[in-house]
Amino acid sequence: MKLVEAIIKPFKMDEVKDALNEIGIEGITVSEVKGFGRQKGHTELYRGAEYVVDFIPKIKMEIAVPDELVNKVVETIENTAKTGRIGDGKIFIIPLEEAVRIRTGEKGTDAI
Amino acid sequence: MKLVEAIIKPFKMDEVKDALNEIGIEGITVSEVKGFGRQKGHTELYRGAEYVVDFIPKIKMEIAVPDELVNKVVETIENTAKTGRIGDGKIFIIPLEEAVRIRTGEKGTDAI
Amino acid sequence: MKLVEAIIKPFKMDEVKDALNEIGIEGITVSEVKGFGRQKGHTELYRGAEYVVDFIPKIKMEIAVPDELVNKVVETIENTAKTGRIGDGKIFIIPLEEAVRIRTGEKGTDAI
Amino acid sequence: NDEILSRARASFIGMAIGDALGATVEFLTATEIQHKFGTFKEIVGGGWLRLKPGQVTDDTQMALCIARAITTAGGWSLEGIAQNFAAWLQSRPVDCGDTCRKGIRAYMLHGHLEVPPSKWDAGNGAAMRLLPAALYAFPDKELLSKYVVEQAHLTHNSPLSDAACINLGELLHLALSGASKNRLRRRVDNLTEEFPAFSFTPYHGLASGYVVDTLQTVFHWFFKGRSFEECLVGTVNQGGDADTTGAICGMLAGAYYGMEGIPARWIKKLDQKVLAELEQVTPLLLKARP
Ligand SMILES: Nc1ncnc2c1ncn2[C@@H]1O[C@H](COP(=O)(O)OP(=O)(O)O)[C@@H](O)[C@H]1O
Ligand SMILES: Nc1ncnc2c1ncn2[C@@H]1O[C@H](COP(=O)(O)OP(=O)(O)O)[C@@H](O)[C@H]1O
Ligand SMILES: Nc1ncnc2c1ncn2[C@@H]1O[C@H](COP(=O)(O)OP(=O)(O)O)[C@@H](O)[C@H]1O
Ligand SMILES: [Mg+2]
Ligand SMILES: [Mg+2]
C-alpha cells in the first residue's frame, strides 16, 4: 500500500476529489497548508486577488491506496490539479506498511 | 522506528492521549484535518443557516514510535478511538528511517 | 529521495526557512500543528476558571529532498531550530518512493 | 543513633529544598539568572514548569518512590521501586526526564528491571534520586554499591552514571558519619583520579543534565561554600539543570551541615506535605536497614 500525498491549489480540491470519486476512491484526508516554492515572490491568483508573497495557501490531500491503484490515482490527480501555471503542486508517494480501519479492526487493503 | 498516523474523531482526542500517557507515551503531534470517506456529509448550522458539508472534521495524530511499541500503540488507539459507528477513522504505519531530537542531537529511539 | 518532516517552535520558522534557502532548498510545505510532549502548555482563564492547555503550538515543515542532500538539510534545521530549551522539536526522515511536479509531469529528483 | 537520624533528615530535606529552589531557574544560564534575579536565593516557584512556591519535581518524587518501596517491603525491593516509578509516571508528574521515561515505560510494557547499556544514559537521572538507597545501605559500602547501581539501571545504564552514583553514595555515607570536608575532598579526589572527567578544577561552569557537568557543579560549589545556604545558592545560580544540581548539592550539604545548617525560611517554604512525608519516611528507612 502507499500513502499518496498531494499538495495542490486550493481551488482545485473539489475537482480532484470528484475525479477521485469517479475512479472509486472515497477516503481522503485533507489539511490546509502553506506552500513555499522555487519561484520567490511570484504572483499567484488566490480568491481573485494576485499575491506576491513568500507563501501560498495550499491544500494537502492524503490518500491511502492499494499498490495496484497508485498509478491511476497519481494520473488522476495530475490531470485534474494541473493548470500549467507555476505552483500547481506536488505528489509524493510514501510506503504504507500497515493500515487499520478503527471501526472494524480490518487491516491492510480491507482497511482503506 | 515507525511513524504512527491516526485519523480519529475530534471528541476522542483527549481519551486517546490519556490512554497513550498510561503506557508512557507523551510525545504526540496533532493537526486538525478534514475527512472525506464513507461517513457522508452532515448538516451544519453556520450563522443561523443550515447547510450540508461533505467533509467531517477529524484529528490527525502523529506518533513516532520504536518498533517494539508499535503494536501496543496501535492497539491502544484502536480501543480508545473506536465507537463502532461509521467514521471512527484510520491508523497508518509509515516507516521512519531516522529521528532527531533537535534540543540534544540525540538520534534514533533516544530521540523519541 | 526522503521526506524530511521537522516539528519546530513557530518563532523559528523564518530562520529555518532562510537557512534552507541558503543551501538551495526552496520547496517547503508548512502546517500549523499542536505539540504534546515534555514541554507543557500554559494555563488559561476561561469563564473565571483556570485550566491547563496542555499542547504547545508548533510548526511542521515537510521538505522532499534528494538523498545526497538529506544530511545537510537535517544539520541545517538542527542548527537553526535549536534553542537548547525543552520543546525545540523533532526531525523525522521518511522514505519517499516517488515525487511528481504536477505542472510539468516531471518525476523523481527533477520534481523536487 | 540520633546524630545519624538528624543528618539523614537534613539530607533528605536539603535535597527537596534544592529541588524546589533550583526548579525556578532550571534551563536559565548564569547570566540570565543574574539579570532576572540578581543573586537568586528564595523559593518562589515559577520556572518553565510554572511551579507553586515550594513545589518539588521529579528529583524528589522519584526519591520518594524508592523510599516508599523500601519501607513498604521492609527491605530492598527493585520490583517495588519499578512499580512505584510506573504509578508515578501514570500520575502525570509535573516533569519526567526523557531517559527516565524510556526506562519506566520499558518496565511498564515488558517488566524489564534493567535497561540495556547506552552511551546516552550518562544523564543525572539515576544519581538525583539515590538518597534513600544510600540511607538504607548505611554504613555498608558493598550494599551501597549494589543498591544504588540496581536502582540506577532501571533507567540509566552507563559507566559514568554508575560511577557518579557509587561515589555520590559514598560521599553521603561519609557526611552522615560526620566526616570533615577535607575527608570528603580526599574522597572526591579519588573519584577524579579514576574518572578525570569529573575533575572540577578549573571549574568550567557547566551545569547541564550530563552527570559529569552536574557533579562538577555540585562539587565546585559544595567545597567552595562555607554554609548550607552558600553551597546551594552558588549551585543553583549556575543555572542549567538547576533543580537537579540543587537537589544533589542539597542532599550532600544537608548531610554535612545537618539540620542546624538549613535556613528555617526554606524549610517553611517547602511543600509541607512533602516535608511531612520526608520526616516520616527517613527514620523508617534507617530502621529498615539490613
Ligand atoms: N521539495 C518540496 N518539498 C515539499 N513541498 C514542496 C517542495 N517543493 C514544492 N513543494 C510544495 O509544492 C508547492 C508548489 O511548488 P512550486 O515550486 O511553487 O511550483 P511548481 O509546483 O510549479 O514546481 C509549494 O508551494 C510547496 O507547497
Ligand atoms: N483511503 C484513505 N486515505 C486517507 N484517509 C482516509 C482514507 N479512508 C478514510 N480516511 C479517513 O478516515 C476517516 C473515516 O473514514 P470513513 O470511511 O468515513 O469511515 P470508517 O472509518 O468507518 O471506515 C475519513 O473521514 C478520512 O479522514
Ligand atoms: N514521539 C513523538 N512523535 C511525534 N511528535 C513528537 C514526539 N515527541 C515529541 N514530538 C513533538 O516534538 C515536540 C517537542 O517535544 P518535547 O518532548 O516537548 O521536547 P524536546 O523537543 O526537548 O524533546 C512536541 O511538542 C511534539 O510536537
Ligand atoms: Mg526535576
Ligand atoms: Mg532536572
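This one's a predicted model, so the numbers in the text were calculated from it and none came from an experiment. Lettering follows sequence order; numbering is per chain, from 1.
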Greater than 12 external heavy atoms within 6.0 Å of A:Glu75's CD: yes
Sole residue of A:Leu20, A:Asn21, A:Val30, A:Thr29 in side-chain contact (heavy atoms from CB on, under 4.5 Å) with B:Phe36: A:Val30
B:Lys34 NZ to A:Ile28 CD1 distance, which is reported to the nearest 0.5 Å: 13.5 Å
pair B:Glu78-A:Val100: side-chain heavy atoms closer than 4.5 Å: yes
Rounded distance (nearest 0.5 Å) linking atom CZ of B:Phe92 with atom CD of A:Glu97: 14.0 Å
From A:Ile102 atom CD1 to B:Asn79 atom CG, the distance as rounded to the nearest 0.5 Å: 10.0 Å
Close side-chain approach of B:Arg85 to A:Arg103, heavy-atom, < 4.5 Å: no
B:Ile8 portion near chain A, given a 4.5 angstrom heavy-atom threshold: side chain
Any A:Leu96 side-chain heavy atom under 4.5 Å of B:Ile94 side chain: yes
SB check B:Lys2 A:Glu98 (cutoff 4.0 Å): no
Chain B interface, residue from A:Gly105, A:Ala111, A:Pro95, A:Ala64 that has the most non-hydrogen pairs under 4.5 Å: A:Pro95
Heavy atoms of other groups near B:Glu106 CD, more than 12 under 6.0 Å: yes
